Amino acid sequence: MKKTLWIVLAVLVLVIGGAYFYFNTSPSQFAEEAGNSTKKVDVVDDSGFLMFTPMNQDVKKSVIFYPGAFIDALSYAPMAKGLANAGYKVYIAEMPLGLAVFGQNKAADIIDSHEDEHFVIGGHSLGGAMAARFAHENMDELDGIFFLASYADEKGTLAKAPFSALSITATKDGVLNWDTYEKNKKYLPENTTFVSIKGGNHAQFGAYGKQNGDNEATISVEEQTKETVTALKTWLAVAVK
């Protein structure tokens, strides 16, 4: 029995390690620059979250974000900075082994310790699926959910959720399983807004360069980030109360 367990653990380590080296990326200079504090936004890396806090204004809503597989939290700094500039507080989770599947409940750490804040949750790719699973189990704690090149699955169904959702995809995305994405729309809330970014790809929902299996984008990462932030701000202002 012990021998079998060690074999399973060894295989798991090899699989995760191989996937890490295949998919692992690093934040770009665009992301590094966005990760710096400014007069408008304070950025702090603490307690397993990269936090972007608006300064000198009331926080409209707090956003918890789950990164894609093996993607550094800092890679989403441009998006977070854009939302923080508009008055939204953003927490980007730093996931165990770089996989949200091992940190599905990380949002609870923030929600439980910030009872005065009102939250929406979202994620990119695998992060979005795990955010949906958290939301499925904690609907009363959230005011909305958003997906970047992602979808909910049966274990994270939100078909009966009392809140709205936002689903953003990009036309050049070569990583998203489009067939599953279409089939899994049945797991989304009735009030779901769909946005498609023309010319964008999977990787440019973060700022970490090229990703294996993705298509070349025909717009810049700066432009895709701008359109993503605009869609999020519109949804947050209109659909999320």
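Worth saying up front: this structure is predicted, and the values here are computed from it rather than measured. FYI, side chains are in, hydrogens and waters are out, and symmetry mates aren't considered; it's all heavy atoms of this structure.
Hydrophobic clustering (ILVMFWY, side-chain heavy atoms < 4.5 Å, transitive): V59 and Y91 are in distinct clusters. Follow the hydrophobic side-chain contacts under 4.5 Å out from L126 and you reach W178 in the same cluster. If you chain together hydrophobic residues whose side chains sit under 4.5 Å apart, L83 and F30 never meet in one group. Cluster annotation: V175 is not connected to I168 through the hydrophobic network of ILVMFWY side chains, with a link wherever side-chain heavy atoms come within less than 4.5 Å. Under the 4.5 Å side-chain heavy-atom criterion for grouping Ile, Leu, Val, Met, Phe, Trp and Tyr, I64 is connected to M139 within one hydrophobic cluster.
The local environment of CD in Q29 is sparse, with at most 12 non-hydrogen atoms from other residues, nucleotides or ligands closer than 6.0 Å. The environment of D116 atom CG is dense: over 12 non-hydrogen atoms of other residues, nucleotides or ligands sit within 6.0 angstrom.
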- [ ] In sequence, state the C-alpha distance, the side-chain angles, and the governing distance for F49 and I92, and then conclude on side chain to side chain contact (heavy atoms under 4.5 Å, CB included).
- [x] CA-CA 5 Å; F49 286 85; I92 307 177; over 6 Å; no

TODO: Could you go through the side chain to side chain contact (heavy atoms under 4.5 Å, CB included) check for V240 and F163 one step at a time?
DONE: CA-CA 8 Å; V240 179; F163 47 71; over 6 Å; no

Open item on the list: Could you go through D42 and T53, starting from their C-alpha distance and side-chain angles, then the distance that decides it, and tell me whether this counts as side-chain hydrogen bond (donor to acceptor under 3.5 Å, both in side chains)?
Closed with: CA-CA 5 Å; D42 185 33; T53 305; 5.5 Å; no

- [ ] Tell me, with the steps shown, if Y181 and S167 meet side-chain hydrogen bond (donor to acceptor under 3.5 Å, both in side chains).
- [x] CA-CA 10 Å; Y181 172 80; S167 175; 2.8 Å; yes

Open item on the list: I'd like to know whether D214 forms a salt bridge (charged side-chain N to carboxylate O under 4.0 Å, His left out) with K172, so could you lay out the CA-CA distance, the side-chain angles of the two residues, the decisive distance to 0.1 Å, and finally the verdict.
Closed with: CA-CA 8 Å; D214 206 2; K172 294 292 184 178; over 6 Å; no

TODO: May I have the step-by-step check of side chain to side chain contact (heavy atoms under 4.5 Å, CB included) for T192 and L166, ending in yes or no?
DONE: CA-CA 6 Å; T192 298; L166 171 66; over 6 Å; no

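For the pairing with I197, the side chain to side chain contact (heavy atoms under 4.5 Å, CB included) check across I219, L148, T169 returns one residue only, I219. In summary, of the residues considered (Q204, Q211, K210), a side-chain hydrogen bond (donor to acceptor under 3.5 Å, both in side chains) with Y208 occurs for Q211 alone.
At least one side-chain heavy atom of P67 sits under 4.5 Å from a side-chain heavy atom of Y76.
When all heavy atoms are compared, the tightest approach of A77 to G35 is CB-N, 3.9 Å.
With respect to the salt-bridge test (charged N to carboxylate O, under 4.0 angstrom), the residues E117 and K89 qualify.
Within the cation-pi definition used here (under 6.0 Å to the ring centroid, within 45° of the axis), K81 does not qualify as a partner of F52. Seen from the ring of F194, K185 counts as a face-on cation partner, given the 6.0 Å and 45° thresholds.
A donor-acceptor pair under 3.5 Å is absent between the side-chain atoms of S125 and the main chain of S150, judged by distance alone.
Using cut-offs of 30° and 60° on the angle between ring planes, the pair F65 and F146 is parallel. Ring geometry for H124 against F205 counts as tilted: the plane angle lies between 30° and 60°, on a 0 to 90° scale.
How far CG of D109 is from NE2 of H114: 10.5 Å, rounded to the nearest 0.5 Å.
Remark: aromatic rings of Y187 and H136 are distant, center separation not under 6.0 Å.
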